[in-house]
Amino acid sequence: MTATQWATVASLATAVGTLVLAIATFASVRSANYSARAADQAARIAEQSARIAERSLMAAERPLLMSSRLQDPEQKIQFLEGKFLKVGGGAATLEVADGVVYMVISVRNVGTGLAVMHGWHVEVTGQPQQTHPPLENFTTQTRDIYVAPGDVGFWQGALRDPATAQFKAVAAAVEAGDSMMLSILYGDWEGGQRVISMFALRRAGERWLTTTGRYFNVDRPDPR
């Protein structure tokens with residue numbers, strides 16, 4: 001074999017080696033890109049699964065308070081002064097005595113999680129409200145009140161300052177039998193997923209009955 005032929009063979013061998021190297025490099029890059037895409041897709045699926053699991057967990061702990069049923073049992077509630085009030089299912093008990101306005105309503109938790117009450121707001125009106133009162137206008141509960149999911153419970157509140165305009169308005173409404181709107185702020189046992197349920201209090205003969213008007217999400221998008 002002549003020198004020229006050896007040079008030709010060497011050039012061909014180099015070309016073949018370069019081609020093989022290029023093919024290997026291309027395959028390696030393509031495999032790396034595929035692996036990166038697969039890893040990115042797996043990460044997105046894992047993130048989506050985590051969000052679904054989180055939403056499922058939160059939904060399982062979400063309370064929702066409504067008026068209790070008329071056939072629900074009567075309850076007896078004590079106030080700080082040692083005074084007791086009784087309230088029947090689907091009803092409210094309102095009383096003005098010794099410079100205090102006492103208020104109790106029967107409620108039912110139709111949600112899936114424990115309800116922990118945080119505060120309340122009451123105003124004299126018979127008109128349904130399209131928005132809830134500002135959170136800064138709510139009165140903080142002096143103690144936590146709990147209502148288990150699927151169970152009946154109660155809310156209680158009192159006005160103890162006869163000099164305030166709210167006391168005078170609510171006391172006069174109780175005596176006259178005028179309708180009122182009660183907003184209760186509550187959340188889950190961790191303090192999140194806060195909701196405001198609005199109850200209409202209306203006099204019916206010798207008793208007060210309650211109906212649930214609306215509920216509003218505080219920490220989540222409004223359902224409407």
Side-chain angles (χ1 to χ4, degrees), residues 63-70 72-109 115-147 151-187 194-216 218:
L64 181 61
L65 296 181
M66 297 182 64
S67 298
S68 62
R69 300 172 296 193
L70 293 174
D72 281 331
E74 184 179 72
Q75 301 175 81
K76 187 176 182 180
I77 296 94
Q78 184 178 22
F79 285 82
L80 292 175
E81 295 82 0
K83 184 178 182 62
F84 286 90
L85 289 183
K86 294 181 179 180
V87 63
T93 300
L94 311 175
E95 183 178 325
V96 182
D98 302 322
V100 181
V101 178
Y102 297 100
M103 299 171 287
V104 174
I105 73 168
S106 178
V107 299
R108 177 172 284 276
N109 184 1
V116 182
M117 299 184 192
H118 303 311
W120 56 275
H121 179 273
V122 63
E123 58 182 322
V124 180
T125 178
Q127 299 299 320
Q129 306 298 304
Q130 302 303 313
T131 59
H132 65 76
L135 293 180
E136 58 268 21
N137 292 348
F138 278 71
T139 300
T140 303
Q141 299 285 160
T142 55
R143 68 181 179 92
D144 290 337
I145 302 177
Y146 309 93
V147 185
D151 201 359
V152 65
F154 67 90
W155 165 86
Q156 69 177 135
L159 297 172
R160 294 184 169 86
D161 188 355
T164 64
Q166 185 186 37
F167 182 100
K168 296 175 181 178
V170 174
V174 172
E175 297 295 344
D178 295 334
S179 299
M180 289 176 278
M181 296 297 296
L182 171 67
S183 299
I184 300 178
L185 172 66
Y186 57 96
R194 293 178 299 170
V195 179
I196 295 173
S197 287
M198 190 172 290
F199 300 85
L201 313 181
R202 294 186 173 89
R203 187 75 170 266
E206 295 300 318
R207 62 187 304 201
W208 291 84
L209 297 180
T210 68
T211 56
T212 309
R214 282 181 176 270
Y215 79 92
F216 304 90
V218 178

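Along the sequence shown, residues carry numbers from 1.
We find the OG1-NE2 distance between T139 and H118 to be 15.0 Å, quoted to the nearest 0.5 Å. The line from CZ of F138 to NE2 of H132 is 7.0 Å long, rounded to the nearest 0.5 Å. In this structure, CZ in F154 is found 13.5 Å from CD in E74, a value given to the nearest 0.5 Å. Atom-to-atom distance recorded for Q156:CD and L80:CG is 7.5 Å, nearest 0.5 angstrom. For the atom pair OG1 (T212) and CE (M66), the distance works out to 4.5 Å, reported to the nearest 0.5 Å. Atom OG1 of T142 and atom CZ of F79 lie 9.5 Å apart (nearest 0.5 Å).
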- Task: Output, in order, the C-alpha distance, side-chain angles, deciding distance and verdict of side chain to side chain contact (heavy atoms under 4.5 Å, CB included) for V152 and Q75.
- Result: CA-CA 10 Å; V152 65; Q75 301 175 81; 3.9 Å; yes
- Start with the C-alpha gap between M103 and L159, add the side-chain angles, then the distance that decides, and say whether side chain to side chain contact (heavy atoms under 4.5 Å, CB included) holds. CA-CA 9 Å; M103 299 171 287; L159 297 172; 4.1 Å; yes
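For W120, the ring-ring contact (aromatic ring centres under 6.0 Å, His included) criterion is met by W155, not counting sequence neighbours. By the salt bridge (charged side-chain N to carboxylate O under 4.0 Å, His left out) test, R69 pairs with D72, sequence neighbours left out. By the side chain to side chain donor-acceptor pair (under 3.5 Å) test, E206 is found to be paired with no residue, residues two or more places apart in sequence or in another chain being considered. Annotation: side chain to side chain donor-acceptor pair (under 3.5 Å) contacts of D98 (sequence neighbours excluded): none. Looking at residues two or more places apart in sequence or on another chain, you find a salt bridge (charged side-chain N to carboxylate O under 4.0 Å, His left out) between E95 and K83. Qualifying side chain to side chain donor-acceptor pair (under 3.5 Å) partners for R160, counting only residues two or more places apart in sequence or in other chains: E81. Qualifying side-chain contact (heavy atoms from CB on, under 4.5 Å) partners for Q78, counting only residues two or more places apart in sequence or in other chains: F84. For the side-chain contact (heavy atoms from CB on, under 4.5 Å) test, residues two or more places apart in sequence or in another chain that qualify with T210 are S67, A92, I105, L201. Applying the side chain to side chain donor-acceptor pair (under 3.5 Å) criterion to T93, with sequence neighbours excluded, gives no partner residue. For R203, there are no salt bridge (charged side-chain N to carboxylate O under 4.0 Å, His left out) partners at least two apart in sequence or on another chain.
You'll find the side chain of V101 stays beyond 4.5 Å of the side chain of L94, heavy atoms only. Residues L209 and R202 form no side-chain contact, since every pair of their non-hydrogen atoms from C-beta on lies 4.5 Å or further apart. Considering only heavy atoms from C-beta on, V107 comes within 4.5 Å of F199 through its side chain. For the pair F216 and M198, the minimum side-chain heavy-atom distance is below 4.5 Å.
Closest approach of P63 to N109, counting heavy atoms only: CA-OD1, 3.8 Å. The shortest non-hydrogen separation linking G89 to S106 is CA-OG, 4.0 Å. For the pair H121 and P133, the tightest heavy-atom approach, listed with the atom from each and the gap, is ND1-CG, 3.5 Å. Of all heavy-atom pairs spanning Q141 and I145, the tightest one is NE2-CD1, 3.8 Å.
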Tabulate below the donor-acceptor pairs under 3.5 Å that side-chain atoms of residues 162-185 make, not counting sequence neighbours, or state none.
unit_1	atom_1	unit_2	atom_2	d
T164	OG1	D161	O	3.0
T164	OG1	F167	N	3.2
Q166	NE2	V122	O	3.2

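Y186 places a side-chain N or O within 3.5 Å of a backbone atom of L65 that can act as its donor or acceptor partner.
Residue pairs meeting the salt bridge (charged side-chain N to carboxylate O under 4.0 Å, His left out) criterion with at least one partner in residues 123-144, sequence neighbours excluded, do not occur; the list is empty.
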